[in-house]
Amino acid sequence: MKIATWNVNSLKVRLPHVLDWLAANRPDVLCLQELKLEDKSFPSAEIEAAGYHAAFSGQKTYNGVAILSRSALAGIGHGIPGFDDEQKRVLAATVNGVRVICGYFPNGQAVGSEKFAYKLRWLAALTEWLREELKAHQRLVLTGDFNIAPEDRDAHPDWKDEIHVSPAERAAFAALTGLGLADAYRLFPQDDKSFSWWDYRMGAFRRNFGLRIDHILLSPALRDVCCACTIDKAPRKLERPSDHAPVIAELEL
DNA sequence: ATGGCGCAGTGGCTGCGA
């Protein structure tokens, strides 16, 4: 099973890239973030024509998540149970016995801001929910745009902002891995300065001034069968790219 | 020089992302 995540920064604008990428890579599951469109505008026909089922949770202008799958999606769940939130950031579904949770984690804007407090509240709620989900689902994937670079090696050395690399955010990430979830990318040797996001400005991609903030976390049963995890930088080189690159994990299932 | 780029909304600009 090949499972991927990609923050597309507007599905409307990026649909051609997504369709091309699905055709070229044929993942079993693709989790999308930052759809920036309402459910009524979701491109269901195009996704279906590409051979994929879809579950989605969108809103106007901001946020929005989707799970695309070659097999049928079951047990679709919206949001974090018990956490009231108008922002569409979480979608869960079961595919061939694997519980897939797609998340667009809050940005946080600046350490100490109102949005930062919301980010930490959101992360705490997610973690408590995942604790229960892991009891119910032996095979579980938590994936998406985490907006956290878990270690120093996951951020360009010149990254000056505290957001995405602050101790509080990294502690929240560690709380998730503390539940037994493994960062699939770090199960394998990787190049130095491996990132999944690059600012549109300042020639950041050309200079590889980036962050690794898009992740695939695996429950113990899936970690044991994970045979590869890579970042595909090719779509970031296209005309009008998303600022994020897809991350792909391969599971021997 | 605190911007730069890109997207959405109902705009000639602002808010936001990371």
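The figures here come from the full heavy-atom set of this structure, side chains too, leaving out hydrogens, waters and symmetry mates. The sequence lines fix the lettering, A, B, ..., with proteins before strands; numbering per chain opens at 1.
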**Spacing of the P atoms in B/dG15 and B/dT10 (rounded, Å)** = 14 Å
**Nearest-Å distance once atom P is located in both B/dG3 and B/dA8** = 23 Å
**Euclidean distance for C1', B/dT2 against B/dG12 (whole angstrom)** = 25 Å
**Message:** Between B/dA1 and B/dC16, how many Å separate the two P atoms, rounded to a whole number?
**Reply:** 27 Å
**Message:** Considering every strand and a 4.0 Å limit on heavy-atom distances, what is the contact class for A/Asp214: base, sugar-phosphate, or nothing?
**Reply:** nothing
**Asked** With A/Arg131, which residues qualify under salt bridge (charged side-chain N to carboxylate O under 4.0 Å, His left out), at least two apart?
**Response** A/Glu128
**Prompt:** For A/Arg139, what residues pass the salt bridge (charged side-chain N to carboxylate O under 4.0 Å, His left out) criterion, not counting sequence neighbours?
**Reply:** none
**Message:** Under 4.0 Å between a side-chain nitrogen and a carboxylate oxygen: does that hold for A/Arg170 and A/Asp152?
**Reply:** yes
**Request:** By nearest nucleotide on DNA chain B, pick out whichever of A/Gln109 and A/Glu38 is the more 5' one.
**Result:** A/Glu38
**Request:** Report whether A/Leu126 and A/Tyr104 are members of the same hydrophobic cluster (ILVMFWY, side-chain heavy atoms less than 4.5 Å apart, transitive linking).
**Result:** no
**Request:** Have a look at A/His244 and say if it touches a base, only the backbone sugar-phosphate, or nothing, with a 4.0 Å heavy-atom cut-off.
**Result:** sugar-phosphate
**Request:** Determine the interatomic distance between C1' on B/dG11 and the same-named atom on B/dG6; round to the nearest Å.
**Result:** 16 Å
**Message:** Assuming nearest nucleotide by heavy-atom distance, tell me which of A/Ser10 and A/Ile163 is located more 5' along DNA chain B.
**Reply:** A/Ser10
**Prompt:** Between residues 11-20 of chain A and DNA chain B, which residues have a heavy-atom gap below 4.0 Å?
**Reply:** A/Val13, A/Arg14
**Asked** Around A/Glu252, counting heavy atoms of other residues, nucleotides and ligands shown, do more than 12 lie under 6.0 Å from its CD?
**Response** no
**Residue pairs fulfilling side chain to side chain donor-acceptor pair (under 3.5 Å) with at least one residue in residues 214-225 of chain A, sequence neighbours excluded** = A/Ser196-A/Asp214, A/Arg212-A/His215, A/Asp214-A/His244
**Asked** Among residues 114-125 of chain A, which contact DNA chain B at a heavy-atom distance under 4.0 Å?
**Response** A/Lys115
**Asked** Partners of A/Arg186 by salt bridge (charged side-chain N to carboxylate O under 4.0 Å, His left out), sequence neighbours excluded?
**Response** A/Asp154
**Message:** Using 30° and 60° as the class boundaries, would you call the ring planes of A/Phe146 and A/Phe105 parallel, tilted or perpendicular?
**Reply:** parallel
**Asked** Base, sugar-phosphate, or nothing for A/Leu37, non-hydrogen atoms under 4.0 angstrom?
**Response** nothing
**Asked** What residues, two or more places apart in sequence or in another chain, satisfy side chain to side chain donor-acceptor pair (under 3.5 Å) together with A/Lys88?
**Response** none
**Complete:** Its 5'-most and 3'-most nucleotides having an atom under 4.0 Å from a non-hydrogen atom of chain A, DNA chain B is contacted over B/dG4 to B/dA18
**Message:** Classify the ring geometry of A/Phe205 against A/Trp198: parallel below 30°, tilted from 30° to 60°, perpendicular beyond 60°.
**Reply:** perpendicular
**Asked** Pairs in or reaching into residues 92-102 of chain A: which pass side chain to side chain donor-acceptor pair (under 3.5 Å), with residues at least two apart or in two chains?
**Response** A/Ser71-A/Asn96, A/Thr94-A/Arg99, A/Arg99-A/Glu133
**Message:** Short of 4.0 Å, heavy atom to strand atom, which residues of residues 202-212 of chain A count as contacting DNA chain B?
**Reply:** A/Met202, A/Leu211
**Prompt:** Applying ring-ring contact (aromatic ring centres under 6.0 Å, His included), which residue pairs with at least one partner in residues 7-41 of chain A are found, sequence neighbours left out?
**Reply:** A/Trp6-A/Trp21
**Request:** Let me know which of A/Ile216, A/Leu218, A/Leu140 forms a side-chain contact (heavy atoms from CB on, under 4.5 Å) with A/Leu181.
**Result:** A/Leu140
**Request:** Check every strand shown and say whether A/Asp199 touches a base, only sugar-phosphate, or nothing at a heavy-atom separation below 4.0 Å.
**Result:** nothing
**Request:** Quick one: label A/Tyr104 by what it contacts on the DNA or RNA (base, sugar-phosphate, nothing), any heavy atom closer than 4.0 Å.
**Result:** sugar-phosphate
**Asked** Sequence neighbours excluded, which residues qualify as salt bridge (charged side-chain N to carboxylate O under 4.0 Å, His left out) partners of A/Glu151?
**Response** A/Arg153
